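Read through the structure below, which is laid out as structure tokens, and then see the notes.
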Amino acid sequence: MLALQGDFREHLAVLRGLGADAVPVRRASELDDVEGLVIPGGESTVMDKLSRTFGLAEPLTERIAAGMPVYGTCAGLIMLADRVLDAIEGQQTLGGLDVTVRRNAFGSQLDSFETDLDVPALGDPPVHAVFIRGPIVEAVGERSTPFAALGDGRVVAVEQGNLLGTAFHPEITGETRFHEYFLDKVRAAR
């Protein structure tokens, strides 16, 4: 669990509740001990700066390129995206996910909303999704596939091999299927 900033505590609780040996990662040396990583929601610009300040950005980029399973939610999705629209000057991502995302696509925190999403890979019932200043996937590259979309067709979840990204926050709704799906990727990658 990348624990530089954001709602990593909520993800840790979900992962531990599912029986995973989830630990916070703040240093590059701690990254050596994990088989997968969740990047939480928060502020992508702050996470970017902190990951570079603490020397995590480069080893994270290398692990992602080497196939480590990673699940990014909201800001975590931005951190995984190869391309970011409305980024602040100098903002970087870890990359790996062949998508173009737009930061804060749904407006300010006051414009947060909840909706139910059909996610075929997770089955019934629909996923109750909470969007808080979430990004939107503006373009899905050839290596990625849409995983879930809003009723109007805008993509809000994507998958690419061992990478999974959602524009919303399943960790705060009691929804565990995304984390279970991610843990299956971690087990399969062993």
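Computed over heavy atoms, backbone and side chain alike; hydrogens, waters and symmetry mates excluded. Please read these numbers as outputs of a predicted model, since none were measured by experiment. Position 1 is the first residue of the sequence, and the numbers go up from there.
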Quick check: is [Y] connected to [X] through a chain of hydrophobic side chains (ILVMFWY, heavy atoms under 4.5 Å apart)?
| X | Y | value |
| --- | --- | --- |
| V101 | M79 | yes |
| L150 | V137 | no |
| I78 | I64 | yes |
| L56 | M1 | no |
| L183 | V23 | no |

Strictly by side-chain hydrogen bond (donor to acceptor under 3.5 Å, both in side chains), give each pair with a member in residues 18-38 just once, sequence neighbours left out. E35-R190

Looking only at heavy atoms, what is the nearest atom pair of [X] and [Y], with distance?
| X | Y | answer |
| --- | --- | --- |
| I136 | A105 | CG2-CB, 3.3 Å |
| V14 | E171 | CG2-O, 3.9 Å |
| P69 | A189 | CG-CB, 3.7 Å |
| M47 | A75 | CE-CB, 3.7 Å |
| P24 | A3 | CB-CB, 3.6 Å |
| P59 | A28 | CG-CB, 3.9 Å |

Report the residues that fulfil side chain to side chain donor-acceptor pair (under 3.5 Å) with [X], sequence neighbours left out, ordered by chain and then residue number.
| X | answer |
| --- | --- |
| R102 | D86, E138 |
| R9 | none |
| N104 | none |
| Q92 | none |

Going by heavy atoms in the side chains, are [X] and [Y] under 4.5 Å from each other?
| X | Y | value |
| --- | --- | --- |
| V186 | M68 | no |
| H169 | E10 | no |
| P170 | Y71 | yes |
| T93 | L80 | no |
| V46 | K49 | no |
| E43 | R103 | yes |
| P40 | Q5 | no |
| L37 | L60 | yes |

Which atom pairs, one a donor and one an acceptor, fall under 3.5 Å between side chains of residues 153-164 and the rest of the protein, sequence neighbours left out?
from : atom 1 : to   : atom 2 : distance (Å)
R154 : NE     : D152 : OD1    : 3.4
R154 : NE     : D152 : OD2    : 2.8
R154 : NH2    : D152 : OD2    : 3.1
E159 : OE1    : Y181 : OH     : 3.3
E159 : OE2    : Y181 : OH     : 2.7
E159 : OE2    : K185 : NZ     : 2.6
Q160 : OE1    : D98  : N      : 2.7
Q160 : OE1    : S144 : OG     : 2.5
Q160 : NE2    : G96  : O      : 2.9
N162 : ND2    : G67  : O      : 2.7

For D111, what residues pass the salt bridge (charged side-chain N to carboxylate O under 4.0 Å, His left out) criterion, not counting sequence neighbours? none

Joining Ile, Leu, Val, Met, Phe, Trp and Tyr whenever any side-chain heavy atoms lie under 4.5 Å apart, the cluster holding I132 also takes in V130, I172

Got a sec, which hydrophobics cluster with I88, joining ILVMFWY side chains under 4.5 Å apart, including via others? none

Just by modelled atom types, is the G41 backbone N or O under 3.5 Å from a matching donor or acceptor in the D7 side chain? yes

Can a donor-acceptor pair be found between the side chains of E175 and T173 at a distance below 3.5 Å? no

To the nearest 0.5 Å, what is the distance between [atom1] on [X] and [atom2] on [Y]?
| X | Y | atom1 | atom2 | value |
| --- | --- | --- | --- | --- |
| L77 | F168 | CG | CZ | 10.0 Å |
| T166 | F182 | OG1 | CZ | 11.5 Å |
| S51 | E58 | OG | CD | 11.5 Å |

Review item, side-chain donor-acceptor pairs of residues 112-123, under 3.5 Å, at least two apart:
from : atom 1 : to   : atom 2 : distance (Å)
S112 : OG     : Q109 : O      : 2.6
E114 : OE1    : H128 : NE2    : 2.6
D116 : OD1    : H128 : ND1    : 2.8

Applying side chain to side chain contact (heavy atoms under 4.5 Å, CB included), can you list everything that pairs with T53, at least two apart in sequence or on another chain? none

Would you mind listing every ring-ring contact (aromatic ring centres under 6.0 Å, His included) that reaches into residues 9-39, with sequence neighbours excluded? H11-H179

Quick one, V34 with V25, criterion side chain to side chain contact (heavy atoms under 4.5 Å, CB included). Give me CA distance, side-chain angles, the key distance, then yes/no. CA-CA 9 Å; V34 300; V25 171; 3.9 Å; yes

Can you check side chain to side chain contact (heavy atoms under 4.5 Å, CB included) on V70 and I39, steps first, answer last? CA-CA 7 Å; V70 181; I39 305 175; 3.8 Å; yes

